[in-house]
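Scroll down for the structure; my scribbles are underneath it.
Please read these numbers as outputs of a predicted model, since none were measured by experiment.
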Amino acid sequence: ILEDYGAWVKKIQEEEEKKELKEVIYPAKLHILHGCVFRQSRPAIVGVLVLAGKIRNGTSLIKADGSRAGEVKSMQCEGENVQEVDRNKEVAIALPGITVGRQIDEDDILYSGISEEDFVKLKKLKKFLKADEVEVLKEIAIIKRKTNPLWGI
């Protein structure tokens with residue numbers, strides 16, 4: 001009976017951790033494709049390649065220098081609206097409040113703007129992340145620690 005109880009508790013904990021993982025912003029690294037700027041502003045629509053991780057609607061983005069690069073309003077893949085895009089997929093994203101040529105440019109690398117709270121949760125749940133997502137999480141931590149050395153600690 002004790003072994004069954006232990007297995008049941010472990011199963012419940014894993015389910016809760018997976019549920020918590022769905023609520024946090026995933027680490028992601030995007031490359032704005034050259035020649036894929038479909039609209040420069042209101043909202044800016046650009047084609048990106050997801051280099052690593054996973055991107056969802058509503059994800060805030062930052063540049064490699066830590067500056068804000070907007071928030072993903074919507075995404076389209078092959079003419080269909082999508083809610084989430086995984087690694088190695090090309091997708092068009094809409095970024096309201098951003099102007100291509102000012103805040104972002106072609107060939108820029110963007111990262112998901114993970115909050116410190118989500119970062120701590122992701123560190124605890126690292127066993128559920130893929131290797132590329134862990135690497136991007138480390139890159140995001142390096143970027144954020146340029147302005148705040150104690151970020152995520």
Side-chain angles (χ1 to χ4, degrees), residues 10-41 43-100 103-148 150-153:
K10 189 174 181 178
K11 180 182 173 189
I12 295 297
Q13 284 176 337
E14 277 193 19
E15 287 175 6
E16 287 179 11
E17 288 174 341
K18 286 182 181 179
K19 183 181 175 185
E20 190 175 345
L21 195 61
K22 289 182 181 181
E23 296 171 3
V24 299
I25 295 175
Y26 259 83
K29 183 176 182 179
L30 312 171
H31 175 247
I32 299 176
L33 298 171
H34 187 75
C36 290
V37 175
F38 305 112
R39 188 185 300 160
Q40 288 192 313
S41 63
I45 299 176
V46 295
V48 297
L49 170 65
V50 181
L51 297 173
K54 188 184 298 185
I55 193 82
R56 297 179 184 148
N57 285 336
T59 301
S60 64
L61 300 174
I62 60 171
K63 291 173 56 172
D65 64 2
S67 61
R68 188 179 167 283
E71 182 177 304
V72 178
K73 179 182 176 186
S74 63
M75 297 183 288
Q76 274 195 0
C77 185
E78 297 175 6
E80 305 245 344
N81 287 335
V82 290
Q83 299 297 315
E84 184 176 278
V85 180
D86 290 324
R87 179 179 181 211
N88 292 331
K89 299 263 175 116
E90 291 182 359
V91 64
I93 61 173
L95 301 168
I98 294 295
T99 303
V100 177
Q103 290 94 348
I104 60 172
D105 290 304
E106 292 178 341
D107 294 319
D108 275 355
I109 301 293
L110 305 177
Y111 296 88
S112 53
I114 296 175
S115 68
E116 191 168 5
E117 185 180 312
D118 284 351
F119 178 78
V120 171
K121 287 180 186 176
L122 285 167
K123 273 178 45 176
K124 282 190 231 170
L125 303 172
K126 194 168 24 172
K127 64 184 176 186
F128 295 109
L129 297 177
K130 297 175 189 164
D132 66 313
E133 293 170 338
V134 173
E135 286 303 312
V136 171
L137 198 59
K138 290 176 184 176
E139 290 179 36
I140 292 169
I142 290 168
I143 291 168
K144 296 282 191 169
R145 287 178 183 151
K146 287 178 184 174
T147 56
N148 179 3
L150 299 176
W151 187 89
I153 294 177

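- Applying the side chain to side chain contact (heavy atoms under 4.5 Å, CB included) rule to V50 yields the partners L30, I55, V85; only residues at least two apart in sequence or on another chain are considered.
- Taking both residues in full, the closest heavy atoms of L51 and N88 are given as O-OD1, 4.5 Å, listed atom of the first, atom of the second, then distance.
- Taking each heavy atom of L95 and V46 in turn, the nearest pair found is CD1-CG2, 4.3 Å.
- The line from CD1 of I98 to CG of L110 is 9.0 Å long, rounded to the nearest 0.5 Å.
- Between the side chain of D118 and the backbone N or O of S115, no donor-acceptor pair lies under 3.5 Å.
- Taking the side chain to side chain donor-acceptor pair (under 3.5 Å) definition, one finds that N81 meets it with Q76, sequence neighbours left out.
- Considering only residues two or more places apart in sequence or on other chains, E116 meets the salt bridge (charged side-chain N to carboxylate O under 4.0 Å, His left out) condition with none of them.
- The side chain to side chain donor-acceptor pair (under 3.5 Å) check on E106 picks up H34, with sequence neighbours excluded.
- With sequence neighbours excluded, the residues forming a salt bridge (charged side-chain N to carboxylate O under 4.0 Å, His left out) with E135 are K138, listed by chain and number.
- Applying the side chain to side chain donor-acceptor pair (under 3.5 Å) test to E80 and every residue at least two apart in sequence or in another chain returns nothing.
- Interatomic distance, I153 CD1 to K123 NZ, rounded to the nearest 0.5 Å: 7.0 Å.
- Between the OH atom in Y111 and the CG atom in L137 there is a gap of 12.0 Å [rounded to 0.5 Å].
- The heavy-atom pair separating H31 from D107 by the smallest distance is NE2-OD1, 3.4 Å.
- Note: E84 CD to Y26 OH = 7.5 Å, rounded to the nearest 0.5 Å.
- Contact detail for A141 and W151: the closest heavy-atom pair is CA-CZ3, 3.8 Å.
- Counting non-hydrogen atoms of neighbouring residues, nucleotides and ligands closer than 6.0 angstrom, the CD atom of E117 reaches no more than 12 such neighbours.
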Please tabulate, for side-chain N and O atoms in residues 58-66, each donor-acceptor pair with protein atoms closer than 3.5 Å (sequence neighbours left out).
residue	atom	partner	partner atom	Å
T59	OG1	R56	N	3.4
T59	OG1	R56	O	2.8
S60	OG	G113	O	3.1
K63	NZ	Q103	O	3.0
D65	OD1	S67	N	2.9
D65	OD1	S67	OG	2.7

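- A search for salt bridge (charged side-chain N to carboxylate O under 4.0 Å, His left out) contacts involving D132 returns R87, not counting sequence neighbours.
- Counting all heavy atoms, side chain and backbone alike, I32 lies closest to D105 at CD1-O, 3.5 Å.
- Residue pairs meeting the salt bridge (charged side-chain N to carboxylate O under 4.0 Å, His left out) criterion with at least one member in residues 25-39, sequence neighbours excluded: K29-E139.
- Separation of atoms CD1 (I93) and CZ (F38) is listed at 11.0 Å; rounding is to 0.5 Å.
- With sequence neighbours excluded, no residue forms a salt bridge (charged side-chain N to carboxylate O under 4.0 Å, His left out) with K146.
- Scanning all heavy atoms of the two residues, the minimum distance from I104 to A69 falls at CG2-CB, 3.9 Å.
- Taking the side chain to side chain contact (heavy atoms under 4.5 Å, CB included) definition, one finds that A94 meets it with P43, I45, K73, S74, sequence neighbours left out.
- Taking a 6.0 Å sphere around CD of E78, one finds it holds 12 or fewer heavy atoms contributed by other residues, nucleotides or ligands.
- Looking at residues two or more places apart in sequence or on another chain, you find no side chain to side chain donor-acceptor pair (under 3.5 Å) involving N148.
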